[in-house]
Protein chains: 2
Amino acid sequence: MVRQPSINAQNRAPLSIERIIDAALRIVDGQGLSRLTMRRLGDALEVEAMAIYHHLPRGKEQLLDGLVAHVAAAPATPGGAGGAWREDLRGWARDYRTRLLAHAGVLPLVVTRRNPAALTETVVSLREVMRRGAVPEDAAAVAAHALLGYVIGHAALEVRGTAEDGADRAVDWDARFDAGLDLLLTGAG
Amino acid sequence: MVRQPSINAQNRAPLSIERIIDAALRIVDGQGLSRLTMRRLGDALEVEAMAIYHHLPRGKEQLLDGLVAHVAAAPATPGGAGGAWREDLRGWARDYRTRLLAHAGVLPLVVTRRNPAALTETVVSLREVMRRGAVPEDAAAVAAHALLGYVIGHAALEVRGTAEDGADRAVDWDARFDAGLDLLLTGAG
DNA sequence: ACCTGAACACCGTTCAAGT
DNA sequence: ACCTGAACACCGTTCAAGT
């Protein structure tokens, strides 16, 4: 009789980088970044913390790098169905913002020096949209960083919940994000 | 004979919140955020770590809040000498970026949920510049958050050192920041 | 190959005690 | 009022050992 390969002697699936990152992301989203410890992560995976090091030799650094890669990766580029590249950029920015806000606990890690490669793919995907719109290369370079910076920075402001000056009336962040985006896309004319 | 009040029995100046924050900032700037521990901070101040809690009852949380307040506070608003409010905004943004980059290690803390009040003063100072330019209030609200988000996000990209797509040629971040700023200020017409 | 258990150096913080 | 010293619960990580 053949043992099922996905069930080991202790009757649980073997560890994998994907499962580790998934569990870590669930802890950060649910309890905050400061609650992510190797020991707690081990508990969530029903394994001793030290087992994680077998899959992530660089330890917690590598774990955090993985979280950044997962969250900061480019959103699916909208199908470039002709003409409306400006609308494509708007969609790109909205999708990316949504992803960042869905994992707000990881945002501080995105801002850290770690994992330099994590955002290059993202910039590439932005530049592609612009190339389809025949934006000149040097203007596109500026616009890409400006747009990406705006999205990340605005997400940071939202997470912080910056109060309005003086009055404490609520801010409609969705509307405000779109309005700022328009400012930027107008200038990128 | 009167003892000098600034020298205590152990021949050193007494602790104060200002001295503590200063020393902490020096550690973060010089060695990075992860090297900032209460024990090391105590060493830098030539005091036992536990003495710090007497001045910062909320402990390390309060210390980090203080760092954010120090770095994210508004830059000195340029003297509003009539007309050129758009130039004032540009100057404001450049000054603020310079401050953020001078304390890049604190940037992740700015992005964290901590110290909600830290940026309100900053938004106020931005809104003042716009009010001098007679920008309508609702347009100013959008522009202020857009500009602040852009500056913070762009600084984050710079600190990370996002590589150019494909090629690894160096990026002139100063020029790129100014160009993106122009995009935004053009849209804020 | 993959995981465990004990151990080490280091955290943040509390609390009673000193001056 | 201000600081110290010892202690506690918890980290990340190493390493020898198990299967």
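First the proteins, then the strands, lettered A, B, ... as listed; each starts at 1.
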Side chains of B:T122 and B:I152 in contact at under 4.5 Å (non-hydrogen atoms): no
With a 4.5 Å limit on heavy-atom distance, are the side chains of A:L181 and A:L147 in contact? yes
Is there side-chain contact between A:H145 and B:F177, with heavy atoms separated by less than 4.5 Å? no
Who are the salt bridge (Lys or Arg N to Asp or Glu O under 4.0 Å) partners of B:D182, not counting sequence neighbours? B:R90
How about B:L89 and B:L126: do any of their side-chain heavy atoms sit closer than 4.5 Å? yes
Does any non-hydrogen side-chain atom of B:H103 lie less than 4.5 Å from one of B:V28? no
Taking the side chain as everything from C-beta on, heavy atoms only, tell me whether B:M130 gets closer than 4.5 Å to B:E137. no
Mind listing the closest non-hydrogen atom pair of B:G66 and B:I21 along with its distance? CA-CD1, 3.7 Å
Please state how far atom CE in A:M38 lies from atom P in D:dT14, giving the value in whole angstrom units. 10 Å
Between B:E48 (CD) and D:dA6 (P), how many Å, whole number? 9 Å
Judged by atom type as modelled, is there a donor-acceptor pair below 3.5 Å linking the side chain of B:R160 to the main-chain atoms of A:V110? yes
For the backbone of B:V71 and the side chain of B:R99, can you confirm whether one donor and one acceptor N or O come within less than 3.5 Å of each other? yes
Here the distance between atom C1' of C:dC3 and atom CG of A:D43, to the nearest Å, is 15 Å
To the nearest angstrom, the CZ-C1' distance between A:R39 and C:dC8 comes to 11 Å
To check you understand the geometry: which heavy-atom pair defines the closest contact between A:A76 and A:D95, and what is its length? O-OD2, 4.3 Å
Would you say A:R58 reaches D:dT13's phosphate, i.e. side-chain N/O to OP1/OP2 under 4.0 Å? no
Please work out the stems of DNA chain D from pairs that are Watson-Crick or G-U wobble with both distances under 3.5 Å, keeping only runs of three or more consecutive pairs. C:4-8 with D:12-16, C:12-16 with D:4-8
Numerically ordered, the residues 50-57 of chain A set in heavy-atom contact under 4.0 Å with DNA chain D is A:M50, A:Y53
Strictly below 4.0 Å, heavy-atom distances to any atom of DNA chain C: list the hits from residues 20-35 of chain A, or just say none. none
Show the atom names and distances, to 0.1 Å, of all donor-acceptor pairs under 3.5 Å that link a side chain in residues 47-61 of chain A to residues at least two apart or in another chain.
| unit_1 | atom_1 | unit_2 | atom_2 | d |
| --- | --- | --- | --- | --- |
| A:R58 | NH2 | A:D65 | OD2 | 2.7 |
| A:K60 | NZ | A:L36 | O | 2.8 |
| A:E61 | OE1 | A:R114 | NH1 | 3.3 |

Counting only non-hydrogen atoms, which of residues 59-68 of chain B are less than 4.0 Å from DNA chain C? B:G59, B:K60
Only residue of A:D88, A:D174, A:D178 satisfying salt bridge (charged side-chain N to carboxylate O under 4.0 Å, His left out) with A:R94 is A:D178
